[in-house]
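Proteins get letters first, then strands, A, B, ... in listed order; numbering begins at 1 in each.
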Protein chains: 2
Amino acid sequence: MKLNTKSRYAVMALADMSKFPINNPVSLRDISLRQSISLLYLEQIFLKLKKNDIVKSVRGTNGGYVLKRDPKNIKLSEIFQALDQKVKTVGCKKDSKKGCNGKSAKCITHELWDELEIYINNFFENKKLSDLSLTKGDI
Amino acid sequence: MKLNTKSRYAVMALADMSKFPINNPVSLRDISLRQSISLLYLEQIFLKLKKNDIVKSVRGTNGGYVLKRDPKNIKLSEIFQALDQKVKTVGCKKDSKKGCNGKSAKCITHELWDELEIYINNFFENKKLSDLSLTKGDI
DNA sequence: TGAATACTTGACTATTTTAGTCGGGTATAT
DNA sequence: ATATACCCGACTAAAATAGTCAAGTATTCA
Ligand code: FES
Ligand code: FES
């Protein structure tokens, strides 16, 4: 079970942004430099965050991205969803009657993995961007 | 975040075994047929389970594998460890002072991911093989 | 107006990981 | 003897990951 860089970088970048006054555009270039994340990769990530209403963009000089909502109201689960990132512990399609082995019933461990999936999703659902409790020094 | 087949199959196979009288060797061939898991893949998995004292082998005709301990005493975390499978949510080396970005300090999200890692490991630590509560019909 | 900044978008690619397979063993019961 | 079933290292196809690249468009400021 590994967490991918996309999700990690997304949260890292948003945490970085959340340290600045809201409505003050933060450029990806700055985030890239501060957090040592590839600028081109960040662009890819922020496009999705924008499409999912987590940030909005301000074009042109002194432009950048702005959090669309208060960090208190941004759940980690939303960030993950925005990046098409899912917690997948079961081996089967959830909405199908079929099991991970192709048989007509769910396998003997299905319930266990489903429980784990709910458990993990619960973590993301209950964590807000504001919970990262950063100090200025962290950046 | 995805769970790999190796871990899933390992638990599935052990759950299958745990339905049979202890000390009664269960052959991989049978598990393979019942659970629709590749026999060759199962061999690879069981070699590791054996090395880690979760099962023991009985060679020859009517041989197979036997659980080395009561399912009540086999934690999922042990099974994962046996397969070299780790929960890895942080992007850095844990024992290093360096961050995931190569900088000299841990990044602003490190604490969060570490918390998640502990949270997930906690699930595996508290689940035992016996917790799968199977009925004969499940197999 | 024009140069610089910074977002926009789709396609492309190298590397790594996953999910197995293959081949050639060895031990044991009957 | 022979069939069964574990043993073990090496190999490989396919998928996912972690980016990069090219070619834009919009806005600000001098
Ligand atoms: S995990 Fe859903 S059927 Fe096996
Ligand atoms: S995850 Fe550990 S330093 Fe970033």
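- Between the Asn52(B) side chain and the Lys48(B) main chain, a donor and an acceptor come within less than 3.5 Å of each other.
- Although no hydrogens or angles enter the test, the distance criterion places no donor-acceptor pair under 3.5 Å between the side chain of Thr109(A) and the main chain of Leu112(A).
- By the neighbour-count criterion of 12 heavy atoms within 6.0 Å, atom NZ of Lys93(B) is sparsely surrounded, having that number or fewer from other residues, nucleotides or ligands.
- Look at OH on Tyr65(A): it is 14 Å from P on dT27(D), rounded to the nearest Å.
- Between the P atom of dT9(C) and the CG atom of Leu49(A) lies a distance of 14 Å, rounded to the nearest Å.
- The nearest whole Å value for the distance from the NZ atom in Lys50(A) to the P atom in dA6(C) is 16 Å.
- Residue Ser57(B) has a polar side-chain atom (N or O) positioned under 4.0 Å from OP1 or OP2 of dC7(D).
- A side-chain donor-acceptor contact under 3.5 Å links Glu117(B) to the backbone of Thr89(B).
- Atoms CZ (Arg59(A)) and C1' (dT9(C)) sit 11 Å apart, rounded to a whole Å.
- Atom pair Lys51(A):NZ and dC7(C):C1' shows a separation of 13 Å (rounding to whole Å applied).
- Hydrophobic cluster membership is shared by Phe20(B) and Leu28(B), with clusters built from Ile, Leu, Val, Met, Phe, Trp and Tyr side chains linked at under 4.5 angstrom.
- For the pair Leu47(A) CG and dT25(D) P, the computed distance is 16 Å after rounding to whole Å.
- As rounded to whole Å, 14 Å separates atom P of dA6(C) from atom CE of Met17(A).
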(message) Treating primed atoms plus P, OP1 and OP2 as sugar-phosphate and everything else as base, which nucleotides of nucleotides 12-22 of chain D get B, S or - for protein heavy atoms under 4.0 Å?
(response) ----S-BBBB-
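- Here the P atom of nucleotide dT17(C) and the CG atom of Asp84(B) are 13 Å apart, to the nearest Å.
- Note on Phe46(A): nothing from the nucleic acid sits closer than 4.0 angstrom, heavy atoms only.
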